[in-house]
**Student:** 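Here it is: the structure, laid out below.
In the text below, chain A, chain B and the rest are named by the order of the sequence lines, each starting its count at 1.
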6 protein chains.
Amino acid sequence: LTTGLYLGRFQPVHKGHLLSIKNILGEVDDLIIVVGSALKSFSLENPFTAGERIEMLRRALAEEDIPMSKVLVLAVPDTLPPNYHGIYVSQVETYCPRFHLVYTRNPLVRTLFEQEGYEVRQHREFERNKYWGTTIRDGMLQGGGWQGRVPQSVVDYIKEIGGVERIRQLAGSDTPEE
Amino acid sequence: LTTGLYLGRFQPVHKGHLLSIKNILGEVDDLIIVVGSALKSFSLENPFTAGERIEMLRRALAEEDIPMSKVLVLAVPDTLPPNYHGIYVSQVETYCPRFHLVYTRNPLVRTLFEQEGYEVRQHREFERNKYWGTTIRDGMLQGGGWQGRVPQSVVDYIKEIGGVERIRQLAGSDTPEE
Amino acid sequence: LTTGLYLGRFQPVHKGHLLSIKNILGEVDDLIIVVGSALKSFSLENPFTAGERIEMLRRALAEEDIPMSKVLVLAVPDTLPPNYHGIYVSQVETYCPRFHLVYTRNPLVRTLFEQEGYEVRQHREFERNKYWGTTIRDGMLQGGGWQGRVPQSVVDYIKEIGGVERIRQLAGSDTPEE
Amino acid sequence: LTTGLYLGRFQPVHKGHLLSIKNILGEVDDLIIVVGSALKSFSLENPFTAGERIEMLRRALAEEDIPMSKVLVLAVPDTLPPNYHGIYVSQVETYCPRFHLVYTRNPLVRTLFEQEGYEVRQHREFERNKYWGTTIRDGMLQGGGWQGRVPQSVVDYIKEIGGVERIRQLAGSDTPEE
Amino acid sequence: LTTGLYLGRFQPVHKGHLLSIKNILGEVDDLIIVVGSALKSFSLENPFTAGERIEMLRRALAEEDIPMSKVLVLAVPDTLPPNYHGIYVSQVETYCPRFHLVYTRNPLVRTLFEQEGYEVRQHREFERNKYWGTTIRDGMLQGGGWQGRVPQSVVDYIKEIGGVERIRQLAGSDTPEE
Amino acid sequence: LTTGLYLGRFQPVHKGHLLSIKNILGEVDDLIIVVGSALKSFSLENPFTAGERIEMLRRALAEEDIPMSKVLVLAVPDTLPPNYHGIYVSQVETYCPRFHLVYTRNPLVRTLFEQEGYEVRQHREFERNKYWGTTIRDGMLQGGGWQGRVPQSVVDYIKEIGGVERIRQLAGSDTPEE
């Protein structure tokens, strides 16, 4: 049995993530999806909490009929102190059941896992310009059409938690410091 | 829809936990199971990592045919600095999707969640003397009959990861300090 | 009795802060002044320690005859890990006596306290271009006329602790890294 | 001008503390009262948050007509990691305005400040058996007569925040671990 | 070339350590001596700072004519949060040049390094009752004959830094809490 | 006896460092070389771990016949939280044996040590444009002639650990975030 590990920040979950997950599920028996930078939230780059991102994944996986018995969604914080990269793989290992293959397109994460002897694969990327977190968050802020890029259940959830208003309020940074 | 939150250390998962989970599932629509003290491992009181305890829960829930669509298993570390109890509820909230009811028998955890306005219920406890982590870990160390108190899938998993040997090696504390 | 909470970094305390404090004291019975980012110091953006900023506030409040019985000056660090915004309100609550109203013009702080159900007010801002920390610190560095923007007692205190020399020495960054 | 520093945990503030403070105020011009172990709360040994202990001091000082212009009440956390004693004095120095004399009866604190060259004085202790935090907390738990040992304003405040109930609930530790 | 790693707390360095080091140097080409629990100091169990323990090792190695070209003395803190054992080996690896063999008699350290695939050897222990940190620190406290168990250069150094007085002052714990 | 302290990041060790070290050794009896930012690694600005940088120093000092009996190489992490500059000197003091003179060209480090009463000297800098970490790391990335600026033993060591490949892999940042 081969267990894969797929790392992302999921700010927010979008259709590109789901396409990747389906693809990876064709290559492994079991998949651990790690919500990285778990403690970051309430900023323009990381608006949602780990709990919210986990809920997005849960709803999106259900929407796509991906069985929860084959995937495990977990949250893993960044290291403390920040950027203590040398222990990151070890930290992920304490948070997760054993895994054999790592899926990432991030050069740092790839380097770190390869350094520890893991096989790292670059999952296929689907329409990068369209399914890209930065663009989607920007659409939420500017009012552009981000909804088509995000699963409907996630669009609904973001509405439920006032996600768009949160991002716009956080961006109201025309005020000088105190 | 009511989401419950059930906190435990699960060192290791035992049959008492599963009886409680089934009971709680009769009262809520959805259940978040929090593996607490996530970063503690490799000690006599906390032998297993968060990842290992999550895997135990996953296998035990499958063994009992509890659908993973109704439960969400998450790991939450203790606060940093240790015992910074005043922020613990807030920390749990960032790690988990929204929840409405808290199940715990721990007086500190109960106090903290009630202080923040949550309804806290004491789940029924099944044969406390039998299904008690301390007793079970002691059985693993001494060679006593712990296996009957733990789901078969968990017994198998502990064997797979060398859990009993780990505990015995950790206990070999006849050596003075350096 | 209504207790207000006013958050700032006070790097350094200036006349705009005092105008705001007087204004807020017209709306509340009691005011907690929080010196935020308490552990940051000895940088161009945060030159002064929490202790030094508390002393500035104490002297400036005395100079303006604001009674210390109506205000409480406290220091609160940023969260650890940095930017763990989801627990910030909870952290402030552990450091401070109970408060009912929050005064801030910072969008992040406003978002966080509103999320937790607090009423947040934007205190009036007095001559923003003049009373702005960045401009004042720049004046200290460049030798411009910052003294008129800062209460006399704070000017004297900064002289006493060699604050201007500190900022200029920190800025001597023409040296390459080792 | 001589500024003294008086360190305590104030769990809770009692009459012995006030006798000491009055005594010390006879020897110094200004007094910084440090609420130590600021982040510890919601345990039997440290039931109250820093904010609550600061509020107790404020009310007790007012009850005794000690002018807030002569005392400054601040909260200082323990070091991180715990017991990193070698940096403790330096940490206190960043949190507090400059001070010249240290008052403590704790051997560790005394050693640390003397090591850094401070003069450390043992403040007089008043009826130690009576005015002792452990005894008072025990009285709160058991229902014994602790009220006479604590200033009336603090008795009232503890009632206001449900302090006695909190301690008793925390003590309900007849429940085995999960 | 084989590099060994020898872990200890060295509170203080004693003759048993030096006998072990000489022994180990017969089995490896190069030896890294790790001063563990580097941030702990100023307590009865850990009286000396990392810097002081490093200096003790340096002087003792010189006294014994052990060439510094064959040994490397480094300090490594405990993990943060405390007891996050799962990342300890990874942390040691970031602090040290590559090593191949680990020498320890501590069951936890042994378990952790074996878990990561290292060969762990129990170095021979010399007259355990005599050369044991606890006994030696107790001797320093009580005035017993610890000097014969510690290299002369270390005895001198402890005198130089007032180590015995420090331990006795720290032990003056007849004073109740504040 | 005068002990000097020389702080650097040594990412990587280059010939300029060795020229400085030789120069400083003409002014002091003993030299502590501190590998700063010890926990930073696997980034373009800080590619090497503390252990690797210590090994580079060891080999380079041997290549130059600088006796290890006169120098002590130690690693010191940045403060936690990051930029808690007010405790940095105190932290360095706990990691190092006593020192009397500090060598640095960094304005922040100079300010911090002078604030604590240390004499700080700016060591002579040799051909700054040539012997500068940023330029050398850039050469490793771009394939330029960095080898002539680094001691031969360090060139060999970087090859041994795949340092150039590491930097190039880390730089492969053409991939958008997940």
Side-chain angles (χ1 to χ4, degrees), chain D residues 1-7 9 30 32-41 49-51 72-104 106-120, chain F residues 1-7 9 30 32-41 49-51 72-104 106-120:
Chain D
L1 278 176
T2 302
T3 301
L5 186 92
Y6 172 47
L7 290 116
R9 287 198 295 115
D30 244 346
I32 303 169
I33 302 175
V34 170
V35 172
S37 296
L39 303 185
K40 290 197 175 134
S41 63
T49 69
L72 180 64
V73 177
L74 295 173
V76 177
D78 293 328
T79 59
L80 189 75
N83 302 318
Y84 188 4
H85 298 319
I87 59 160
Y88 184 63
V89 171
S90 190
Q91 176 158 308
V92 172
E93 288 171 339
T94 68
Y95 269 94
C96 298
R98 209 157 291 176
F99 53 90
H100 313 91
L101 267 176
V102 177
Y103 289 85
T104 182
N106 179 296
L108 169 61
V109 176
R110 178 199 190 85
T111 306
L112 296 176
F113 277 93
E114 284 185 358
Q115 186 84 7
E116 298 299 321
Y118 281 95
E119 182 185 341
V120 178
Chain F
L1 278 176
T2 301
T3 301
L5 186 91
Y6 171 47
L7 290 116
R9 287 198 294 115
D30 244 346
I32 303 170
I33 302 174
V34 170
V35 172
S37 296
L39 304 185
K40 290 198 175 135
S41 63
T49 69
L72 181 63
V73 178
L74 296 173
V76 177
D78 293 328
T79 59
L80 189 74
N83 302 317
Y84 187 5
H85 297 319
I87 59 160
Y88 184 63
V89 171
S90 190
Q91 176 159 310
V92 172
E93 288 171 340
T94 67
Y95 270 93
C96 298
R98 209 157 292 178
F99 53 91
H100 313 91
L101 267 176
V102 176
Y103 290 85
T104 182
N106 180 295
L108 169 61
V109 176
R110 178 199 188 85
T111 305
L112 296 176
F113 278 93
E114 284 185 358
Q115 186 84 9
E116 298 298 322
Y118 281 96
E119 181 184 343
V120 179

**Student:** Please identify each residue that fulfils salt bridge (Lys or Arg N to Asp or Glu O under 4.0 Å) with F:E116, with sequence neighbours left out.
**Tutor:**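 Expected list: none.
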**Student:** In residues 73-82 of chain F, which residues are in contact with chain D at a heavy-atom separation under 4.5 Å?
**Tutor:**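 Within residues 73-82 of chain F, the residues under 4.5 Å from chain D are F:L80.
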**Student:** Could you walk me through whether F:Y6 and F:V102 satisfy the side chain to side chain contact (heavy atoms under 4.5 Å, CB included) test, starting with their C-alpha distance in whole Å, then the side-chain angles of each, then the deciding distance to 0.1 Å, before giving a yes or no?
**Tutor:** CA-CA 6 Å; F:Y6 171 47; F:V102 176; over 6 Å; no
**Student:** Is there a side chain to side chain contact (heavy atoms under 4.5 Å, CB included) between D:F113 and D:L7? Walk through the geometry before answering.
**Tutor:** CA-CA 11 Å; D:F113 277 93; D:L7 290 116; 4.0 Å; yes
**Student:** Would you please name every residue forming a side-chain contact (heavy atoms from CB on, under 4.5 Å) with D:T49, sequence neighbours left out?
**Tutor:**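 With neighbours one apart ignored, the set is D:S41, D:F42, D:E52.
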**Student:** If you take all heavy atoms of D:V89 and D:L112, which pair is closest and at what distance?
**Tutor:**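 Scanning both residues completely, I find the closest heavy atoms to be CG2-O, 3.5 Å.
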**Student:** Tell me the side-chain hydrogen bond (donor to acceptor under 3.5 Å, both in side chains) pairs involving residues 90-103 of chain D, sequence neighbours left out?
**Tutor:**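 Checked against side-chain hydrogen bond (donor to acceptor under 3.5 Å, both in side chains) - neighbours excluded - the pairs reaching residues 90-103 of chain D are D:E27-D:Y103, D:E93-D:Y118, D:T94-F:Y84, D:Y103-D:R121.
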